Amino acid sequence: MTNIALFNPANVPSFARTHELSETAKALTGGGVGSSTQRISIKGGVFRLLSGGKEIAAIDERFLDVIIVKAAPKVSRIFYAKSYDGDNITGPDCWSNDGERPDASAENKQAASCMSCPQNIAGSGQGNSRACRYQQRLAVVLENNIEGAVLQLTLPATSVFGKEDGDKRPLQAFARNLAMQNPPISPEMIVTRMKFDTKAEAPKLHFAPNRWLTPEEYEIVKAQGESDEAKRAVVMTVAASDGVKPAAAPLKIEGKRPVAVEPEEEEAPAPKAAKAKAKPVEAEEEAEPEVRKEAAKPSAVPAKKGKLADIVSDWDDE
């Protein structure tokens, strides 16, 4: 269904006939027009379902249909002092949930505020990038399993910022496009299709509307967005970060042994470079972050692959 047909006022369902945007919509528009251990990873350009840091399944399709039920009100930040070492996996040294100041529980704070931090200077990371990277945390449910698990999805800057190219939109541009419809549309009202950008070197997603939810589905999604799982999914914690052993036990699929996976390529520590003399910059200036080369792929793991419906069916057995 095209955007024109989907967003035609004549097709707007009764629950969407309002001119007020939700908190999720406000968060995803980037301020324009505001720990879960089950999550979706985009490591290696493949959608992977993980639980407790263990890979449960990999999805063959290059797209995934979800409903965004909640979003962190602000873009977060994360910093690793060391490069990734598969034999000595550690969590981040410093991070921020609001992108303004380090979290109180961060053990190696780099500065009193993110704006004054030397890791927020262009050139502090690889090439002209920043060593401290932007992330957007979402809580989503699978279209084929709306009443099922609420999953955490952490997106790198390249999937969040930037300009749209036709119908290819990064997250904030997608959310703004929804907000500009008449009446404005919140992400919780529709099924969103996430699709990999096959031209990008590192995992990068585009977002597009796929269909309206039914009134019955919308009621379920609203409840999912208010759940404790959704609230935990959008908060950065050490237990939720890569490389830190989570407390929760992994999901089990009969006949499949969960295998530990290394940190996401989009979150892996960047090699340190000489400190630049430039002044720290605002988040808006990193609209087109540098795309790092894809890290070497780990050895094969016995992760289940197949159609989404089959994978969801396995999860429903839990």
Side-chain angles (χ1 to χ4, degrees), residues 35-70 84 86 89 91 135 137-156 159 191-196 203 205 220-221 224 227-268 294-318:
S35 115
S36 171
T37 56
Q38 297 182 27
R39 63 189 182 93
I40 297 173
S41 163
I42 59 174
K43 181 179 178 62
V46 175
F47 290 111
R48 305 172 191 273
L49 304 181
L50 289 83
S51 179
K54 311 294 183 179
E55 183 172 325
I56 300 301
I59 301 170
D60 290 332
E61 289 88 349
R62 301 297 295 165
F63 66 88
L64 184 62
D65 293 331
V66 301
I67 299 94
I68 300 172
V69 302
K70 198 173 187 64
Y84 173 72
I89 300 176
Q135 294 182 333
R137 291 183 178 268
L138 306 176
V140 305
V141 293
L142 300 177
E143 180 193 17
N144 285 17
N145 196 20
I146 293 178
E147 295 183 271
V150 176
L151 308 173
Q152 182 187 75
L153 174 62
T154 301
L155 297 173
S159 295
V191 173
T192 294
R193 173 158 293 186
M194 307 188 301
K195 191 172 183 179
F196 281 106
L205 297 179
I220 296 172
V221 165
Q224 290 279 51
S227 67
D228 290 338
E229 290 79 6
K231 294 174 183 177
R232 287 195 296 268
V234 300
V235 176
M236 168 67 186
T237 65
V238 169
S241 65
D242 289 320
V244 179
K245 184 178 180 180
L251 295 177
K252 296 179 180 179
I253 293 181
E254 187 175 354
K256 300 292 180 179
R257 177 175 297 177
V259 178
V261 295
E262 64 188 52
E264 300 295 324
E265 290 157 335
E266 66 272 17
E267 295 182 356
E294 183 175 341
K297 290 181 171 59
S299 57
V301 296
K304 180 175 180 179
K305 292 190 176 182
K307 293 186 178 298
L308 179 59
D310 297 333
I311 295 171
V312 172
S313 177
D314 284 334
W315 277 50
D316 286 342
D317 291 337
E318 297 303 317

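Note: hydrogens, waters and symmetry copies are ignored here, and every other heavy atom, side chains too, is used. The shown structure was predicted, so the numbers you read here are calculated from the model rather than taken from an experiment.
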At what distance, to the nearest 0.5 angstrom, does CD of Gln135 lie from OG1 of Thr154? 5.5 Å
For Pro156 and Ile42, the nearest pair of non-hydrogen atoms, with its separation, is CD-CD1, 4.1 Å
Rounded distance (nearest 0.5 Å) linking atom CD of Gln38 with atom CZ of Arg232: 9.5 Å
Taking Arg193 as the fixed residue, which of Val66, Leu64, Asp65 is the one that meets the side chain to side chain contact (heavy atoms under 4.5 Å, CB included) rule? Asp65
Nearest heavy-atom neighbours spanning Arg137 and Val235: CD-C, 4.2 Å
When rounded to the nearest 0.5 angstrom, what distance separates CG in Leu49 from CG in Leu151? 6.5 Å
Phe63 and Phe47 aromatic centres sub-6.0 Å: no
Does Leu142 reach the side chain of Ile40, with side-chain heavy atoms less than 4.5 Å apart? yes
Check side-chain contact (heavy atoms from CB on, under 4.5 Å) between Val69 and all other residues, then give those that pass, not counting sequence neighbours. Ile67, Ala139, Val141, Val150, Val221, Gln224, Ala230
How close do Arg62 and Gly45 get, counting heavy atoms only, and between which atoms? NH1-O, 2.5 Å
Once you round to the nearest 0.5 Å, how far does CG of Leu50 lie from CZ of Arg39? 5.0 Å
Donor-acceptor check, side chain of Gln152 to backbone of Ala233, threshold 3.5 angstrom: yes or no? yes
Where Val234 and Lys231 come nearest, the two heavy atoms and their spacing: CG2-O, 3.4 Å
Rounded to the nearest 0.5 Å, how far apart are OG1 of Thr192 and CD of Glu143? 10.0 Å
